[in-house]
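When a ligand or atom number is given, it counts from 1 through the structure's own listing order. What you see below is based on every heavy atom in this structure, not just the backbone, and it leaves out hydrogens, waters and symmetry mates. It should be emphasised that the depicted structure is a prediction, and the values quoted were computed from it without experimental measurement.
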Amino acid sequence: MTASDQADPVYPVPERLFKEGVPKPHIASMDEYKKLWEESVNEPEKFFGRLGNELLSWAKPFTQVKSGSFEEGDVAWFLDGEINASFNCVDRHALAYPDRVAIIHEGDEPGNVAKITYRQLLQEVSRLANVLLSLDVRKGDNVCIYMPMIPEAVYAMLACTRIGALHSVVFAGFSSDSLRDRIIDCNAHVVLTADEGRRGGKNIATKRIVDAAVKDSPCVDHVLVCRRTGSEVPWTAPRDKWWHEETVKARPYCPPVSVNAEDPMFLLYTSGSTGTPKGVMHTTAGYLLGAAASMKYVFDYHSEAGDVHACMADIGWITGHTYIVYGPLLNGATTVLFESTPTYPDPSRFWQVVQKHKITQLYTAPTAIRALRRLGNKWLEGYDLSSLRIIASVGEPINPEAWEWYNEQVGKNRCAVVDTYWQTETGSHILTPLPCVVPAKPGSATFPFFGIKPAILDPVTGKELEGNDVTGVLAISQPWPSMARTVYNNHYRYMDTYLNPYKGFYFTGDGASRDKDGYYWIRGRVDDVINVSGHRLSTAEIESALIHHDSVAEAAVVGGQDDLTGQCIHAFCTLKPNVDANEGLEKELTLQVRKVIGPFATPKRIYIVGDLPKTRSGKIMRRILRKIVNGESDSLGDISTLADPSVVQSLIDKVKQ
Ligand code: WT7
């Protein structure tokens, strides 16, 4: 397929965004965007030097903006500057406007709302930072956070960065096995958690999961437990401590510890093409600048106009880090922390929340948009969504039908629809329209953000494909401030995954086209990563979970297309000799995956098969399985190189059953 096969509709920027009563856009014309973008990639020192001073407050100013290269893998920004993340997010706003609301917590039960001002935020973060110090956490130490979507989770992140410790937030949907692996990998001495979580009207046994993980994590000395539901939980003294009992004793001010711009700020584990998750490491000033700048320009955020920003992600993913916590707070924003689901207690929840808090920017995932669209427009009826200006999407390609529904039903054709493409590793948006500037094409993430120079490469030769109307793999040609600097304890793996595949480029792992108008279209992963409901999973990781089951000899996992979740998991397993496929086995294998990874990795289908398609040297041909599950069995290509070509027909029959 060439990029020009598409005759794509173009949606101009809604005029209403320039009308009286609407804040004047930070960037108001295509010319202005182009001029700034040119400067950002041609004179990055000048551009980011200016932006760094404009958007961040420094304990010691930097004199050098940028150093290092992709070739050497030693990228650094603002090298001799010193800064504190928590000070930038909290103190400077608490001083300027202490009574402004920093966080609106929309609890799981509608009506259960808490508002935390910047003054309170400074006190809560300080108390907790002092507790961490009393637990012997020091600059450079790793702290694991496994928490539900409550304000204390945000305090936890900011308390770590206040004292120069790194947080490693683990999404609270991960199983105890996954949590244990992440705790051990970063050698965390302290885990912050809650008694239980609460989501969609159900209680989640958060502390019990932590107990099971910590039992096998000898590095953990302390578990600090926040009371969310008040249910009885198992207790291990003196390891376990109640959050409220410790913080009440602590002083509500803690001086921020200045760190070097390149000191590590946090780890976030993510899946790659091989089995074990990688601890992606972000450093301080560059990450903060990417978060602050993209929040300001991509969401056209205006604190003076009383904007209320709602990112519906979980803080356990990078989207939550950058656009619930750091991006908004760096801009002195009011950020919504949403504990529930889009359908609890009914599918009008998002719209209730938009109306109640007069949300101006709404940020969610295509999966949620598709699910709500399918449930019907009646759930939006009667809700006042007129506060919305920018409605945005993230995590996976958004199909044009979902885009149009979002634009019409939610945006009422008067909001900018912003499709943001980025990754855990990029720290902040890299391809995205600026809302008041770029005419949209549904399904395209449009143009690069400041500092991003994209390149489409021929996947085989690695040659850059110049000009428009080209398709290949997406790479970035030069360093930008918020890119990840390494994989924790494994710089070799960092180089091998991102910087060595195409020398001189950062490799995203995604296929992409640049169409005749220069718009970028993401075509999905070209490696063994699959994306289910915006959750990133490695096929190798799921296979490894399955192989750990006593009955399984081999496993092959591929992504199938799914109307709702984007992709879904299809798992093929062969059994060990003398093991019979009993009735409960598929269920057991499903549970096995849920136990090793977490419920969000549940396979849609598990096929117990006699054999897998293999080459004569024994390599499993996942390409063939991928085609079979996606109904492309008539275009399997040459299967004569298979050790046993007859396997294919039996697999086709099995999948059809
Ligand atoms: C992968 C990164 C940081 C966003 C949350 C996911 C896919 C992300 C888009 C988009 C098409 C997208 C890519 C990317 N992706 N946003 N707007 N259009 N694909 O972060 O878990 O690190 O996953 O998500 O495949 O590589 P992540």
Side-chain angles (χ1 to χ4, degrees), residues 169-171 173-174 267-273 277-282 287 290-291 294-295 298 311-327 363-370 391-400 402-403 406 417-433 438 440-449 452 454 473-476 482-484 487 497-498 501 506-513 519-539 541 559 565-567 598 600-601:
V169 183
V170 177
F171 170 57
F174 275 110
L267 303 178
L268 190 55
Y269 285 83
T270 191
S271 296
S273 21
K278 301 184 276 258
V280 169
M281 191 181 96
H282 281 284
Y287 171 80
S294 54
M295 175 71 196
V298 176
C311 166
M312 298 310 205
D314 191 284
I315 48 145
W317 308 112
I318 191 72
T319 308
H321 281 56
T322 309
Y323 299 109
I324 297 176
V325 182
Y326 291 108
Y363 196 22
T364 188
T367 295
I369 298 168
R370 287 192 293 263
I391 55 176
S393 161
V394 62
E396 34 171 338
I398 179 163
N399 47 311
W403 192 101
Y406 200 30
V417 182
V418 177
D419 178 4
T420 62
Y421 165 83
W422 58 300
Q423 310 177 298
T424 304
E425 296 86 341
T426 68
S428 54
H429 303 140
I430 59 169
L431 295 177
T432 172
V438 178
K441 292 192 187 187
S444 164
T446 76
F447 297 119
F449 187 60
I452 302 297
V473 294
L474 180 67
I476 310 296
S482 69
M483 63 177 288
V487 168
T497 312
Y498 308 111
Y506 166 88
F507 174 48
T508 61
D510 284 297
S513 312
Y519 279 64
Y520 287 88
W521 298 77
I522 302 299
R523 303 286 180 210
R525 302 289 303 196
V526 295
D527 53 11
D528 292 321
V529 168
I530 54 179
N531 190 323
V532 181
S533 299
H535 294 154
R536 175 165 159 185
L537 290 153
S538 130
T539 54
E541 219 178 315
T565 58
Q567 284 188 298
F600 63 93

Between Y363 and H429, how do the two ring planes meet: parallel, tilted or perpendicular, split at 30° and 60°?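 Perpendicular.
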
With sequence neighbours excluded, tell me which residues meet side-chain hydrogen bond (donor to acceptor under 3.5 Å, both in side chains) with Y506.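 Once residues adjacent in sequence are excluded, the partners of Y506 under the side-chain hydrogen bond (donor to acceptor under 3.5 Å, both in side chains) criterion are Q423.
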
Quiz question: by atom type and distance under 3.5 Å, do the side chains of T424 and Y269 form a donor-acceptor pair?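 Absent: no donor and acceptor within the cut-off.
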
Is there a donor-acceptor contact under 3.5 Å from the side chain of E425 to the main chain of A484?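 It does not hold such a pair.
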
Quick one: CD1 on I522 to CG on L431, what's the gap to the nearest 0.5 Å?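 Between atom CD1 of I522 and atom CG of L431 there are 5.0 Å.
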
Hey, which residues fall under 4.0 Å of ligand 1 on heavy atoms?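 Its neighbours under 4.0 Å (heavy atoms only) are I318, T319, V394, G395, E396, P397, D419, T420, Y421, W422, Q423, T424, D510, I522, R525, N531, R536, given by chain and number.
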
If I compare all heavy atoms of A392 with all of Y406, which pair ends up nearest, and what's the gap?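 Reported closest heavy-atom pair: O-OH, 2.8 Å.
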
